[in-house]
Undergrad: 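Below you'll find the structure I mean.
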Amino acid sequence: MKHSGRDDDGGVVVSQPVQERGRWRPRLDRPALVALLLGLVGVAYRLVLTLLTVPVSNSDEATFGLAALHIAQGRAHPVFLYGQRYMGMLESYLAAPLIAISGPSWPVLRLPMLVLYAVFLYLIHRLTRRICSPWFATFVVGLLVLGPERVVRDQLTVVGGRPEVKPAVLLMLLIAVGLATGTVRRRRLAAGLFGLLGGLALWSDWLIVPYLVVAGLLLLYAARRELLGWAGALLVAGFAAGVAPMIRDNLVAPPGQDSLSVFREISSRAGPAPPWSQRLHGGLLEGLPLAGGLCPIGGCARWQEWFGILYPVLLVAAAALALVFYRRTAGAPRGVRVRPVAHLALVAGAALTLLSYVRSPLAATDPLGNARYLSVLQISLPAVLWPLWLAALACWRGTVGALGRLTGAVATALLAALAATSLAATVLFVATGVGASRIEERRARDLAAVLRADGPHEVYGDYWICNRLVFNTGEDVVCGVLDDTLTPGQNRYLPYWRKVGRAARPGYVVEAGSTADRRLRRLLGDRLDSTPVRDVGGYRVYHPETPVRPWR
């Protein structure tokens, strides 16, 4: 048996070939084996959540599920989410084959997201080993295995963009590093794959643009001469193929309905811009810890905001460390110098994403609801935490003086606090949030079962009832969206609205005691006593003899 290499932080390969009875097989080293076991725990944990439909489903996710159903049936081939012109539908296309086999089901809809999470863990482990060290890569995987509600909601729910763009960017970075180090053999095809991934990511979610820019710059550093030839042509061709659905849809879109026009309209609705102090507080002190998995989904306590203060400091430290290493390796082969360049790319991607987020008024007005847009910062976690790891390692090895030991002790405490806080948030979610999600999910399914069995099959409801109800019933029940004043609301899929509008006797589904419930009772007036009413799990179903359509 032949074994070579180290399992410390020397940057060895993931596995070594081992000869046994004339056969060669790879064997994982200890850091990789621990990372694999941690990864399996993370995937198993999320598999259980997927089977339980935790976190709870909603109508946004149901819209992707209905699109997957329509794709599976050949009824539609949407480019963007129904009712929008900027959120790509890649997740619906991934789920469509499974929906075609099993029919509408939340676990089936989410299963591709679980696979994407597993791919994400594998790729970030590979990248971290390549540009950092083996045991640090294991530590990063361990952090990403933990999952409070905000984190697993971004990873498992089908709401567009984030689950697929993160592994896409990581693979793009790995391709660039591999081209620089010479470990990629089919270099032209790798450039084409890089372009294809970039195009698909751009179509899927525009929020990934900062990372696409820095990944492109890293590729330019790694293979700038080759990009002048066939590799560059395949890069452009791959990108064009990936982004083609978005380009085609924008070319045929009505005036004012292209993606850029829609984004401008959304931006102009924001009203007066909140002061920078509020945006920084919402983005850094609330958004970052929440997206990083340090807080429950309801918000961060004061003591949990420390990571938001530390994060910009770590970005600066990581950039400075990368620049120092880059200068010290002057004259070294490009395969050596690509490591600090990759660190700089990750730091720049995080900084640009964070800057884009805090510039938005939403960072101040609704930091809890919009912290999901910061989940892509997980891509940069290796670069951000690398200075702390090096300081802690130097302290424990005793290779620094008194000041270095003090710095290393603080770094060790910060890494331990990060892991412990994230673990505590995960345990809290499992202990309290899973049960609450199951209760809410059971209410929605009971409502769907009652309406599917006994009707009415054409109903009006609010946004958060409608598409979820349609998906739960496999379109046996269709729903038109009304707002709290019982006037037309956000109907993402207009055929449902039209079908309910043609119904001679539609029903009305409202939350018991809600504003819409009280408004409907007033509109029914004297007819209320003769109107059939059923209470189902907190919902109230009205089925009047004649329609109540005040907008007409």
Side-chain angles (χ1 to χ4, degrees), residues 58 60-61 63-65 67-68 71 78-95 109-110 112-117 119-120 123-124 150-173 194-216 238-250 253 258-267 283 287 291 346 348-350 352-357 359-360 362-363 369-380 492:
N58 60 45
D60 280 345
E61 186 175 18
T63 306
F64 281 89
I71 294 166
V79 173
F80 294 114
L81 181 63
Y82 294 147
Q84 292 182 191
R85 311 246 4 154
Y86 58 88
M87 179 65 72
M89 299 297 285
L90 183 58
E91 293 176 9
S92 294
Y93 283 94
L94 292 175
L109 178 64
R110 292 180 177 183
M113 303 305 102
L114 178 64
V115 175
L116 287 171
Y117 166 75
V119 173
F120 166 72
L123 292 175
I124 201 166
R150 175 73 274 164
V151 171
V152 296
R153 180 172 290 278
D154 291 329
Q155 293 168 343
L156 296 181
T157 57
V158 184
V159 291
R162 296 173 294 280
E164 66 267 28
V165 297
K166 289 188 291 186
V169 168
L170 287 170
L171 184 52
M172 293 167 69
L173 294 172
F194 186 102
L196 179 63
L197 292 168
L200 289 172
L202 182 61
W203 166 42
S204 188
D205 192 347
W206 285 24
L207 294 175
I208 202 63
V209 167
Y211 279 100
L212 296 183
V213 171
V214 298
F239 181 81
V243 83
M246 183 178 75
I247 294 175
R248 181 186 178 280
D249 189 86
N250 278 275
D258 60 279
S259 301
L260 288 176
S261 298
V262 172
F263 264 121
R264 292 193 196 100
E265 182 183 354
I266 294 173
S267 301
L346 291 174
L352 291 172
T353 299
L354 190 56
L355 178 62
S356 175
Y357 179 72
R359 287 184 62 204
S360 169
L362 296 176
N370 293 282
R372 63 186 185 274
Y373 297 126
L374 294 177
S375 69
V376 295
L377 293 180
Q378 289 179 339
I379 297 171
S380 295
R492 290 191 177 276

Undergrad: Could you measure the distance from the CD1 atom of I71 to the OH atom of Y93? Nearest 0.5 Å is fine.
TA: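 Rounded to the nearest 0.5 Å, the CD1-OH separation comes to 4.5 Å.
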
Undergrad: To the nearest 0.5 angstrom, please state how far the CG atom of L156 sits from the CG atom of L109.
TA: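 L156 CG to L109 CG: 11.0 Å, rounded to 0.5 Å.
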
Undergrad: Among all residues two or more places apart in sequence or in another chain, which pass the side-chain hydrogen bond (donor to acceptor under 3.5 Å, both in side chains) test with R372?
TA: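 If we apply the side-chain hydrogen bond (donor to acceptor under 3.5 Å, both in side chains) test to R372, skipping adjacent residues, there are no hits.
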
Undergrad: Return the set of residues passing side chain to side chain contact (heavy atoms under 4.5 Å, CB included) with L207 (not counting sequence neighbours), or none when no residue passes.
TA: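 With neighbours one apart ignored, the set is D205, Y373.
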
Undergrad: Please give me the minimum heavy-atom distance between A350 and S380, naming the atom from each residue.
TA: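 Heavy-atom minimum between the residues: CB-OG, 3.5 Å.
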
Undergrad: Tell me every residue that passes side chain to side chain contact (heavy atoms under 4.5 Å, CB included) with T353, counting only those two or more places apart in sequence or in another chain.
TA: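 For T353, the residues satisfying side chain to side chain contact (heavy atoms under 4.5 Å, CB included) (neighbours in sequence not counted) are P210, Y211, V376, L377.
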
Undergrad: Applying side-chain hydrogen bond (donor to acceptor under 3.5 Å, both in side chains), name anything that partners R110, two or more places apart in sequence or on another chain.
TA: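 For R110 the side-chain hydrogen bond (donor to acceptor under 3.5 Å, both in side chains) partners, ignoring immediate neighbours, are E61.
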
Undergrad: CH2 of W203 to CZ of R248: how many Å apart, nearest 0.5 Å?
TA: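 So the gap between those two atoms works out to 12.0 Å.
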
Undergrad: Are any of the side-chain heavy atoms of L212 and V169 separated by less than 4.5 Å?
TA: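 SC-SC contact between L212 and V169 confirmed.
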
Undergrad: Could you tell me which residues satisfy side-chain hydrogen bond (donor to acceptor under 3.5 Å, both in side chains) with N58, sequence neighbours excluded, listed by chain and number?
TA: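 Listed in chain order: nothing, the list is empty.
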
Undergrad: My understanding is that only residues two or more places apart in sequence, or in another chain, count here; which of them pass side chain to side chain contact (heavy atoms under 4.5 Å, CB included) with V243?
TA: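 V243: side chain to side chain contact (heavy atoms under 4.5 Å, CB included) contacts with L202, F239, M246, I247.
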
Undergrad: At their closest point, which heavy atom of S204 faces which heavy atom of G161, and how far apart are they?
TA: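 Taking every non-hydrogen atom into account, OG-CA, 3.6 Å.
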
Undergrad: I'd like to check the ring-ring contact (aromatic ring centres under 6.0 Å, His included) partners of Y82; sequence neighbours left out, ordered by chain and number.
TA: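 Partners of Y82 by the ring-ring contact (aromatic ring centres under 6.0 Å, His included) criterion, ordered by chain and then number, come out as H70, Y493.
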
Undergrad: State, yes or no, whether a side-chain contact exists between I379 and I208 at a heavy-atom distance under 4.5 Å.
TA: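 They are in side-chain contact.
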
Undergrad: Enumerate the salt bridge (charged side-chain N to carboxylate O under 4.0 Å, His left out) contacts for residues 155-167, please, sequence neighbours excluded, ordered by first and then second residue.
TA: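 The answer is D154-R162.
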
Undergrad: Who pairs with S92 by side-chain hydrogen bond (donor to acceptor under 3.5 Å, both in side chains), at least two apart in sequence or on another chain?
TA: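 None.
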
Undergrad: I want to check something: taking the side chain as every heavy atom from C-beta on, are L81 and M89 in contact at a cut-off of under 4.5 Å?
TA: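 Of all side-chain heavy-atom pairs linking M89 with L81, at least one is under 4.5 Å.
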
Undergrad: Got R153 and V159 here, is their nearest side-chain heavy-atom distance under 4.5 Å?
TA: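 Of all side-chain heavy-atom pairs linking V159 with R153, none is under 4.5 Å.
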
Undergrad: Tell me if a side-chain donor or acceptor on Q155 pairs with a main-chain N or O of P163 at a distance below 3.5 Å.
TA: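 The answer is no, because no donor-acceptor pair under 3.5 Å joins these two groups.
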
Undergrad: Could you pull out all residues at least two apart from L123 that satisfy side chain to side chain contact (heavy atoms under 4.5 Å, CB included)?
TA: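 So L123 forms a side chain to side chain contact (heavy atoms under 4.5 Å, CB included) with V119, P167, L170, L171, L174.
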
Undergrad: Any idea which heavy atoms bring Y357 and A363 closest together, and the distance?
TA: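 Shortest heavy-atom contact: O-CB, 3.5 Å.
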
Undergrad: Evaluate the side-chain proximity of L173 to L346: yes if any heavy-atom separation is below 4.5 Å, no if none is.
TA: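 The answer is yes, as the side chains (C-beta and beyond) meet within the 4.5 Å cut-off.
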
Undergrad: Side chains of Y117 and V152: does their closest heavy-atom pair fall under 4.5 Å?
TA: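 Of all side-chain heavy-atom pairs linking V152 with Y117, none is under 4.5 Å.
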
